[in-house]
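First comes the structure, then the notes that go with it.
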Amino acid sequence: MTETTENPLRAGMRIERSAPPCSIVIFGASGDLTKRKLVPALFKLVQERLIPAEFAIVGVARQQFSDEEFRAQMREAIAEYGDLENISEEVWESFARGLFYRQGDFRDSASYEALRDSLKEIDAERATRGNHLFYLATAPSYFGLIAEELGKAELAQPAEGSWTRIIIEKPFGHDLESARKLNAELAAVFKEEQVYRIDHYLGKETVQNLLVFRFANSIFEPLWNRQYIDHVQITNAEAIGVEGRGAYYEETGLVRDMIQNHVFQVTSLIAMEPPASLSANGVRDEKIKAMMAVRAIAPEHVNEVAVRGQYGPGYVLGEKVAGYREEPGVNPESSTETFAALKLYFDNWRWAGVPFYLRSGKRLPRRVTEIAIQFKDVPHRLFTETDSPLEPNVLVVRIQPNEGITLRFGAKLPGQATRIRWVNMDFRYGSSFGVEPPEAYERLLLDCLLGDSTLYARRDMTERGWEIVTPILEAWAEPAKDFPNYAAGTPGPQSANELIERDGREWRRI
Ligand code: BG6
């Protein structure tokens, strides 16, 4: 904080990026997301003066609480889940004055009418200029309904000179059909520019850096294509299991939970062409264009390009853990996947013939999300008489943890003989900048308040994600005969190794 107030450059940027006055209405205010992410992020933004004093946060949920009770709960949430060492009393007092709670039943039109009346009063009291953000932190089954009711209560379209936006959380549908239906329900009430589909991976600093890395440097882009790149590996591994969300996971599975959204978003940033501008549509047009080039998976080829896994009992980071089928809320014969690996091809000029291997899983040996760009071998081997075999150059972008970028290359070992050792050129966020990256939700909430949807998923992208995975989901509707097929704490099933080894390549170690 002190650093930002003292640094004149940062101060300038802050003025530029601070949000306009507004009321933020959170549906599902008694839920986990509100406590863990939304309110701590909003508090931090207020503390950093990125949200002005003229704001209001209105929690809506079914339970009955007074404003005071809601404020007390949110204070606890900020202490528990926020990343602040101390909560400044002064900031808290002014934050709390902007916190309100309104009991409401999402299915009852009267609740929305009451909310509209409350908002009128709150807007006047807090001088929010009638700007409204509705955040749907509810079960997905309510998304369409809440949008419709907001429309009926005349809350969906802004008054002259104000704005109204809506944020929805994933999952955006359960499959292509339901995603289309949800998007149509939203479009019946809101214009696409008003709809912000949040994908928290896009709020990660390192994911945003992919654009800077690729398009603010001249040396990588000439190599970023089929002529120099052998293949791309994108790994998203988690050490955690389903963390008490067994019932949710049974409905979802890994492809729906991670691949269709987070992993595809990251993939599109690697595969896209340079955008003409950094406008929201400039960037998103290029992302969707890249994803449109993904080769469709024929139903009879699913097994060749996609493998699924489910963890059994095992040891993760030295601790004994239960198998997925033993988790609460999980069917003891479940065929839900907790691991998936797939191979994609982009049928376009840049990537023709370059496979993208994607994998993601729970209860893998450790938490790591990274992108590895593996370059082709040298065209002719000069150094044949060396004791270490030649390795390809690899550029690794570490999304989390140890955020950074590493380039691996061969170097001569000092001495009379010509011996090659493989070394890393390493950039680390922590040591280079010495600051913690902001939480994804802070960045994304602020962007939405500023009307910048670059880091939000557009309608076409969510539907395209479903289109790509549909053949896989359909094939996997058949029960898996070999589940569980990997022990917790191991890097996934043997079939995932076979997927890549068939092509004469191998996965990087997790
Ligand atoms: C969520 C998934 O969207 O992302 C979770 O529902 C997953 O299952 C989480 O654990 C991973 O996010 P992160 O930021 O910890 O990589």
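In listed order, ligands and their atoms are each counted from 1. Note: hydrogens, waters and symmetry copies are ignored here, and every other heavy atom, side chains too, is used.
- Classified by interplanar angle (parallel below 30°, tilted 30° to 60°, perpendicular above 60°), the ring pair F346/W351 is tilted.
- Set against the non-hydrogen atoms of E238, the atoms of ligand 1 under 4.0 Å away are 7 (C), 10 (O), 11 (C).
- The nearest protein atom to atom 12 (O) of ligand 1, hydrogens excluded, is given as H200 NE2, 3.1 Å; this is a heavy-atom distance.
- For N217, the side-chain hydrogen bond (donor to acceptor under 3.5 Å, both in side chains) criterion is met by no residue, not counting sequence neighbours.
- Residue D257 approaches ligand 1 through these ligand atoms, each under 4.0 Å from one of its heavy atoms: 2 (C), 5 (C), 6 (O), 8 (O).
- For ligand 1, the polar-atom distance check against H262 finds a nitrogen or oxygen pair separated by under 3.5 Å.
- Classified by interplanar angle (parallel below 30°, tilted 30° to 60°, perpendicular above 60°), the ring pair F213/W224 is perpendicular.
- Of the protein's non-hydrogen atoms, R367 NH2, 3.3 Å is the one closest to atom 15 (O) of ligand 1.
- With ligand atoms numbered from 1 in the order given, ligand 1 contributes 13 (P), 14 (O), 16 (O) to contacts under 4.0 Å with heavy atoms of K204.
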### Message
If you apply the rule ring pair (Phe, Tyr, Trp, His ring centres under 6.0 Å), what do you find for H231 with F356, and how did you get there?
### Response
CA-CA 6 Å; H231 73 279; F356 278 57; 9.4 Å; no

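- The aromatic rings of H262 and Y201 lie parallel to each other, their planes meeting at an angle below 30°, with 60° marking the opposite boundary.
- Counting atoms of ligand 1 from 1 in the listed order, those under 4.0 Å from a heavy atom of K362 are 5 (C), 7 (C), 8 (O), 10 (O).
- Taking atom 16 (O) of ligand 1 as the reference point, the nearest protein heavy-atom neighbour is Y201 OH, 2.3 Å.
- The cationic group of R197 does not satisfy the cation-pi geometry with Y456, failing either the under 6.0 Å distance to the six-membered ring centre or the 45° limit from the ring axis.
- By the 30° and 60° cut-offs, the orientation of the rings of F43 relative to F95 is perpendicular.
- Under a 4.0 Å criterion applied to the non-hydrogen atoms of Q400, ligand 1 contributes the atoms 13 (P), 16 (O).
- Per-residue contacts place R245 under 4.0 angstrom from the following atoms of ligand 1 (heavy atoms of the residue considered): 2 (C), 5 (C), 6 (O), 8 (O).
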